Amino acid sequence: MLSQQDLVALFRSNSFLRDAPAELLAQIALAAREETFARGVFIYAKNDAADNFYVLIEGRVGHPEVQAAEEQYSVAREVVVPGQLFGFAALVQGLPKRVISARCEVRTLVLAVNGRTFQALARNAGRAGHELLQALTRTFAAHERGVAARSGWVSIRNAGKIYDPLGRSVIAVDDCSIEVRPGEFCAIVGPSGCGKSTLLNGIAGFDSLTAGGIALDGEWINRPGERPKPGPDRIVVFQNGALFPWATIRENLIRGPVVQKRMSEAKALERARELLARVGLADVEELYPGAISSGMCRRVEIIRALVNDPKVILLDEPFRGLDALTKTVTHNALLELYDLSAKTVLFITHDLEEAIYLADRVLVMTTRPGRIKQTIEVDLPRPRTLDLLTAPEFLRLKEEAIEAVHEEAVKAFAAGEREFA
Amino acid sequence: MNASATGFALRRDRLLRAIRNPVLWQGAAGVATFFLVWQIAKAIGFLAVLPSPLDVARGVPQQMVQEGYWLSWVASGRRVFLGFFAAAVLAVTLGIAMGMSRKLRSGGFPILEILRPIPPLAWLPLAILFWPSPEMTMMFLTFLGAFFPIFINVLAGIDNIDARYIQAARSLGSSPRTLFWRVLVPGALPALFTGLSIAIGITWEVVIAAEMASGQHGLGYLTWNAYMGQSLVGIVVGMLSIGVAGMASSGVMSWIGKRAMPWRRGH
């Protein structure tokens, strides 16, 4: 049996709890229960109700699902460090089911804390408590939830697009191949006119390809000679926003799932409200889009995409023209929604900082004809916060990207001059 | 009881706010200035031909009780409304059809472009010969006056709907029917109402001219008749009546527009 001091010391060794108020930790220690599990026993299994989360005291706990998906997700496969937390699902309101399971690899001693009790304690602990809860929620989203997501694999294979205006063919995209993993946040940057939007329109189904093909979860959605069909499994958030100005925010949000008859109006509304509240837009649903700011519109539009439960969300320079402050708020809203939804996101921009801050992987495209010139893996931890913008690792990645893009921009500029000469 | 009391209080508040609205008073001041300047000009000897506003005001009751005054309102209003209504129905139908079908547009647009520059009054001789009654002639002319502005605006309204909205709607899984009712129609409404308010102004112009040329009853006929009877006050009262009628129709038009497009209230 560990003493109160030992427990607090154990909590302090955890990176989430390290800076939590001492009083809160003492309260958690009181609420915690020590439990022992034999080797091979499941502490919890997938789809169990999630009531407790756990702190490892000693032993080894594995997540079988994570091992299976090792290639795709950078999630800890095993819990081995004393003080490490697992079973985050219990910390998230409204998500009462386990999405992965936990099995003891050896005889294991853990500390079980009831999630509801913990949430209540943390909420009473003021701002620090709220921040702690938020960080834990987002970690859950980025890790366990990320593993649960299995759809949204976008595969662009040798895609090519030749426009033929006035008989003079323009090669917009040439032999371009990209694989976007399920649940990945992938950004594409490149000089204007490099064919980024052509690719995105190809995935969305607005525009047909002239070579190659695009597949979603292994099925062709765009092949040359076939008329592509847009659908609610690939929702686009447009550059200047495309909320219907003649419909209220509420109608905008729930219309998709309701006309597709996938959700009742009440259900869709409930979902929309939940998401609106998450990004601080609780009381706008009666308004028309013209009555709220453009930053708010962008947030609403991202939520409209999510309410439709697509496999992939396509963002076409959605934050262009927002001022710096609004951009920051909107970035964080997008990150939070992404962490929670675990959807595949393809994000097109020419703002490098934004791309690196948001994405798991940044692809730099060449100037026309568009191809992938360079891939920058952004292995920065999630949940991401604003401190990251000044971290040395972030700055290094940014420098690398700037160099690649600058070269292309110069080429694009020269090509433009030639074209107009 | 309580609810109706609240409803009453709300209505009273709205009325009070409307009365306190400076825009209303500025407008009233403008109208008053117009008549004042006219009166002064008359007093110092300009505008010898015209009656003074006071003369007109004194003459109004007499004009109003005159047999046929209110009948003229009804007659002109009916011609304007029926011609306008027929034009709106046909122009919206054709505009939408041509807005959505490229074939229809390339087939039908050129002939309409030839007919469009012909002023409605240029149709008068032919219309008198063609239609069996003067009443139908006049309605036909108002119809012509209203048709083209509505048609052109509906067409432009559909053309100018941002492709993003159509793409977004298709992305969200809308059927062609939903796309039509939920995107094309509301998207074209602002342009439609622009067309309707231009058209209603034109129908009044046309109907007055037509009545002066060939009518019986009607505000145009009334004014012309006053001229024939050499009643200066009668002419001015007739003109002012036409002005008020036109203003009232535009007012009704923009009221309907506001109801139909609640999202544009803030604009």
Side-chain angles (χ1 to χ4, degrees), chain A residues 197 200-201 203-207 221 227-249 251-263 268 286-292 297 300-301 304-314 316-318, chain B residues 10 14 92 95-96 99-103 153-197 253-267:
Chain A
S197 297
L200 188 123
N201 284 340
I203 302 171
F206 298 149
D207 214 344
I221 51 173
R227 200 180 158 160
K229 201 173 167 299
D233 49 353
R234 300 155 267 154
I235 303 266
V236 181
V237 176
F238 289 86
Q239 196 172 93
N240 302 309
L243 290 176
F244 302 120
W246 45 79
T248 59
I249 305 275
E251 289 167 51
N252 262 295
L253 287 176
I254 67 173
R255 184 175 291 169
V258 171
V259 300
Q260 296 157 35
K261 302 207 168 65
R262 278 198 300 110
M263 261 193 224
E286 302 280 347
L287 299 175
Y288 286 97
I292 61 174
C297 277
V300 171
E301 212 177 334
R304 178 169 78 175
L306 283 173
V307 171
N308 278 278
D309 197 28
K311 289 176 174 172
V312 48
I313 300 177
L314 307 161
D316 186 4
E317 299 198 40
Chain B
L10 259 176
R14 208 178 298 160
V92 169
I96 288 177
M100 293 179 64
S101 153
R102 204 154 282 279
K103 267 186 209 151
N153 276 287
V154 168
L155 203 58
I158 289 183
D159 278 353
N160 291 338
I161 293 173
D162 202 314
R164 281 174 303 151
Y165 297 133
I166 294 168
Q167 290 179 335
R170 289 176 67 204
S171 250
L172 295 173
S174 306
S175 60
R177 233 179 78 157
T178 328
L179 189 71
F180 178 78
W181 286 111
R182 295 278 177 87
V183 178
L184 287 182
V185 168
L189 268 190
L192 169 66
F193 273 95
T194 308
L196 289 178
S197 47
M253 225 52 251
S254 75
W255 184 83
I256 296 174
K258 272 186 193 150
R259 292 280 133 157
M261 303 180 289
W263 68 93
R264 286 168 72 88
R265 288 243 171 98
H267 291 237

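So you know, we letter chains A, B, ... as the sequences are listed, proteins then strands, and number each from 1. Computed from a predicted model, the values in this text were never measured in an experiment.
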Task: Straight-line distance of A/E251 CD to B/R182 CZ, nearest 0.5 Å - done: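 Here the rounded value is 7.5 Å.
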Task: Max heavy-atom pair count under 4.5 Å with chain A, selected residue of B/G173, B/P190, B/S174, B/S175 - done: B/G173
TODO: Anything under 30° is parallel, anything over 60° is perpendicular, the rest tilted; go ahead and classify A/W246 against B/Y165.
DONE: perpendicular
Open item on the list: Does the plane of the ring in A/Y288 sit parallel, tilted or perpendicular to the ring in B/W263? Use 30° and 60° as the thresholds.
Closed with: tilted
Task: Proximal component of B/A163, with respect to chain A [non-hydrogen, under 4.5 Å] - done: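 Interface part for B/A163: neither.
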Task: Max heavy-atom pair count under 4.5 Å with chain B, selected residue of A/P310, A/P245, A/A305 - done: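 Answer, by heavy-atom pair count under 4.5 Å with chain B: A/P245.
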Open item on the list: Tell me which of these, A/N240, A/L287, A/N308, has more heavy-atom pairs under 4.5 Å with chain B than the rest.
Closed with: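 Ranked by heavy-atom pairs under 4.5 Å with chain B, first place is A/N240.
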- [ ] Name the region of A/R255, side chain, backbone, both or neither, that has any atom closer than 4.5 Å to a heavy atom of chain B.
- [x] side chain
Open item on the list: Within the 4.5 Å heavy-atom criterion, are B/S171 and A/F206 side-chain neighbours or not?
Closed with: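 SC-SC contact between B/S171 and A/F206 confirmed.
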Open item on the list: Is any side-chain heavy atom of A/I235 closer than 4.5 Å to one of B/L172?
Closed with: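 Side-chain contact under 4.5 Å: yes.
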